[in-house]
K.L.:
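Have a look at the structure that comes next, please.
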Amino acid sequence: MSSLLEVKQLKKEYPGVIAVDSLSFSLEKGQILALLGENGAGKSTTMKMISGVERPDAGHIILNGEIVNFESSHDASSRGIGIVFQELALVDSLSIAENIFMNRHPLKNSGFIDFKRLYKDTKELLEIFRLDLDPALEVGRLSTGKKQIIEILKAISQNPSILILDEPTSSLSDVEIEELYEVIDRLKESGMSFIYVSHKLNEVFRLCDRVVIMRDGKFITQASIEDMTEDKIVNYMVGREIKDLFGEGVVENKKDHEIFRVEHISKPGFYHDISFKVTCGEILGIYGLVGAGRTEMAEGIIAYSKRQSGKVFLEGREIAIRHPEDAIFHGIGYVTENRKELGLYLDKSISENLVVNDLKRFCSGGFIKDKEVMAYAAEVTKRYGVASYSHLQEVGKLSGGNQQKVLLAMWLELNPQIMIFDEPTRGVDIGAKSEIYENIRQFASKDKATIIISSEVPELMGICDRILVMKDGLIKGELVKNEFSEESIVGCATGVSSVRS
């Protein structure tokens, strides 16, 4: 019996780089196939070719035994291939219903939109995720996680035979993730097939039947999930063994001297009466579920958003931070969780992004010293392992992992005293994670103060010396290294159990 989908010898080349080279694999009906690889391995380009966003330079896409040549994503959708990209493509000013049924609104005989039927159909879709939302509610009023679910429902509403999901859980809470798993299980049982892209290997083993692994645009292997282990997958993906993902711990004798402290900082509705300190060389983790107030607290510290009260101290001296520029002046760096909207200038080059926070260093007489910028960018790009054809490449055209490396380099090269990393490895492959952890450890080892906000408990347990747990805008517990366990951390965050505070 022929496969539902086959790709044979697919190739796609961009100026200066072969993104996908002679790739072949197959997908069966009712199967979930994981497409795995490091950032830059060619996964995104492969998804775009299968879904009609890009056209292959060579090779064939075979659907139900027939060679297809999609002219557009709409063409692919009409043939039963849906896709949900990691980057959201919703219109905030339109309602949930209007977004889900964009350009497919049910019409009355008069030609006007049948809103009664539109809202009824939307309500039925929302019930799939047990969402009690008004179909007429503007999407802009939803959380990022809810928007991600609306994107998935938009794709499901078209009843595809194949659904491609790109990092679908990156913005979801733990509860929403479990609900997504249940939805995928039900759709699989009904005969829908999936191509599932994720850097979270626990998801791959929970959901998928087979894996296809890519590296440097090439096919590496295809195997049943039963024949795989996490170590095998990692080795195939990166082409090398990663023995210690998180690296060595911080030396104990570096933790006596306090560098950074916040006292009683509050912003009603987001976080309340937060106090903590970070000592020399220490890596402090902050954990909490979606809505716990972690990011809002960090943004309050650097004055990206205004806090109502509280004090910030550096080396025992109170400092005033009324604007993010004040935070930079005092040696506080902040790597945002939202690199695409708040962290990077996507339409600018790597070199322009690397110097934007420190332009005075590269200026003379009101002019930028281009040669110095180019030399600096080339050196930093190499040192941080940013994979690109040139430091003149637009950041928006880099893979997610390489964008994250640029963002880290932007801040770490300023040599701040304190670094706050908010979700530093979100959407990043395991090879890039290892490099990012090493950069964080090297920073901390220089007698710096480091704060990591993360929704990944193993990440915090692996790299941090101490973890604070937040719930409902409050610090509910504190654990040191020998007290770490997933049960205690998650239990504290959910209110099921408590730890010392």
Side-chain angles (χ1 to χ4, degrees), residues 7 9-10 17-27 31-47 86 164-170 194-249 382-388 398-405 408 424-442 454 456-463 486:
V7 299
Q9 300 296 307
L10 279 192
V17 62
I18 299 176
V20 175
D21 189 11
S22 303
L23 177 66
S24 299
F25 65 84
S26 61
L27 174 70
Q31 185 181 73
I32 303 178
L33 178 72
L35 182 61
L36 305 177
E38 292 190 274
N39 292 110
K43 305 185 303 295
S44 295
T45 303
T46 300
M47 289 187 290
Q86 185 178 2
I164 304 170
L165 297 175
D166 181 13
E167 298 286 353
T169 64
S170 61
F194 294 84
I195 297 176
Y196 195 91
V197 177
S198 177
H199 294 306
K200 300 177 181 179
L201 296 186
N202 63 310
E203 295 184 354
V204 172
F205 284 94
R206 161 65 175 82
L207 292 170
C208 300
D209 304 298
R210 295 184 66 79
V211 297
V212 168
I213 300 176
M214 299 178 66
R215 187 169 71 239
D216 299 328
K218 299 180 185 295
F219 171 87
I220 298 299
T221 190
Q222 179 173 208
S224 169
I225 195 68
E226 287 83 6
D227 297 328
M228 281 292 176
T229 64
E230 287 200 11
D231 286 342
K232 279 185 180 181
I233 289 176
V234 171
N235 290 344
Y236 279 125
M237 284 170 56
V238 303
R240 65 188 188 279
E241 185 178 1
I242 297 179
K243 293 183 178 179
D244 188 353
L245 177 63
F246 299 105
E248 296 295 329
K382 181 179 180 181
R383 181 148 45 87
Y384 282 83
V386 179
S388 65
L398 297 175
S399 68
N402 286 303
Q403 288 180 2
Q404 192 71 4
K405 290 178 185 178
L408 260 68
T425 63
R426 173 173 286 173
V428 171
D429 64 74
I430 197 160
K433 278 187 177 183
S434 178
E435 295 172 11
I436 289 171
Y437 295 144
E438 177 60 23
N439 285 326
I440 292 173
R441 285 205 180 279
Q442 286 183 6
S454 178
E456 295 189 30
V457 176
E459 175 170 86
L460 293 176
M461 291 174 59
I463 196 169
E486 290 202 42

K.L.:
Are the side chains of F194 and L207 in contact, using a 4.5 Å heavy-atom criterion?
P.N.:
no

K.L.:
Among residues at least two apart in sequence or on other chains, which ones pass side-chain contact (heavy atoms from CB on, under 4.5 Å) with F219?
P.N.:
L23, V212, Q222

K.L.:
Can you name the residues that form a ring-ring contact (aromatic ring centres under 6.0 Å, His included) with Y437, not counting sequence neighbours?
P.N.:
F246

K.L.:
Going by the rule salt bridge (Lys or Arg N to Asp or Glu O under 4.0 Å), which residues pair with K218 if we only count those two or more places apart in sequence or in a different chain?
P.N.:
D21

K.L.:
Residues in side-chain hydrogen bond (donor to acceptor under 3.5 Å, both in side chains) with K43, at least two apart?
P.N.:
none

K.L.:
How long is the gap from CG on D209 to CD on Q31, to the nearest 0.5 Å?
P.N.:
5.5 Å

K.L.:
Hey, what do you get for OH (Y236) to OG1 (T221), rounding to the nearest 0.5 Å?
P.N.:
4.5 Å

K.L.:
Can you see which heavy atom on L33 is nearest to which on S26, and at what distance?
P.N.:
CD2-O, 3.8 Å

K.L.:
If you measure from CG on L10 to OG1 on T45, what distance do you get to the nearest 0.5 Å?
P.N.:
11.0 Å

K.L.:
I'd like to know whether M214 forms a side chain to side chain contact (heavy atoms under 4.5 Å, CB included) with L35, so could you lay out the CA-CA distance, the side-chain angles of the two residues, the decisive distance to 0.1 Å, and finally the verdict.
P.N.:
CA-CA 8 Å; M214 299 178 66; L35 182 61; 3.9 Å; yes

K.L.:
Could you report the tightest heavy-atom contact between S22 and Q9, atom names first, then the distance?
P.N.:
CB-OE1, 3.4 Å

K.L.:
Taking only residues two or more places apart in sequence or in another chain, which ones pass salt bridge (Lys or Arg N to Asp or Glu O under 4.0 Å) with E456?
P.N.:
K433

K.L.:
What is the distance from atom CD of Q404 to atom CD1 of I436, rounded to the nearest 0.5 Å?
P.N.:
5.0 Å

K.L.:
My understanding is that only residues two or more places apart in sequence, or in another chain, count here; which of them pass salt bridge (Lys or Arg N to Asp or Glu O under 4.0 Å) with R210?
P.N.:
none

K.L.:
Applying side-chain contact (heavy atoms from CB on, under 4.5 Å), can you list everything that pairs with I233, at least two apart in sequence or on another chain?
P.N.:
L36, L201, F205, I213, M228, M237

K.L.:
Quick one: side-chain hydrogen bond (donor to acceptor under 3.5 Å, both in side chains) partners of S454, sequence neighbours excluded?
P.N.:
E459

K.L.:
Considering non-hydrogen atoms only, spot the tightest contact between C208 and I225 and give its length.
P.N.:
O-CG2, 3.4 Å

K.L.:
CZ of F25 to OG1 of T46: how many Å apart, nearest 0.5 Å?
P.N.:
6.5 Å

K.L.:
So, using side-chain contact (heavy atoms from CB on, under 4.5 Å) as the criterion, who are the partners of A387 when residues are at least two apart?
P.N.:
N402

K.L.:
Could you work out, with side-chain hydrogen bond (donor to acceptor under 3.5 Å, both in side chains) as the rule, every residue matching R206, not counting sequence neighbours?
P.N.:
D185

K.L.:
Would you please name every residue forming a side-chain hydrogen bond (donor to acceptor under 3.5 Å, both in side chains) with S198, sequence neighbours left out?
P.N.:
E203

K.L.:
List the residues meeting salt bridge (Lys or Arg N to Asp or Glu O under 4.0 Å) with D216, not counting sequence neighbours, and say none if there are none.
P.N.:
none

K.L.:
For E486 and V457, work out which heavy atoms get closest and say how close.
P.N.:
CG-CG1, 3.7 Å

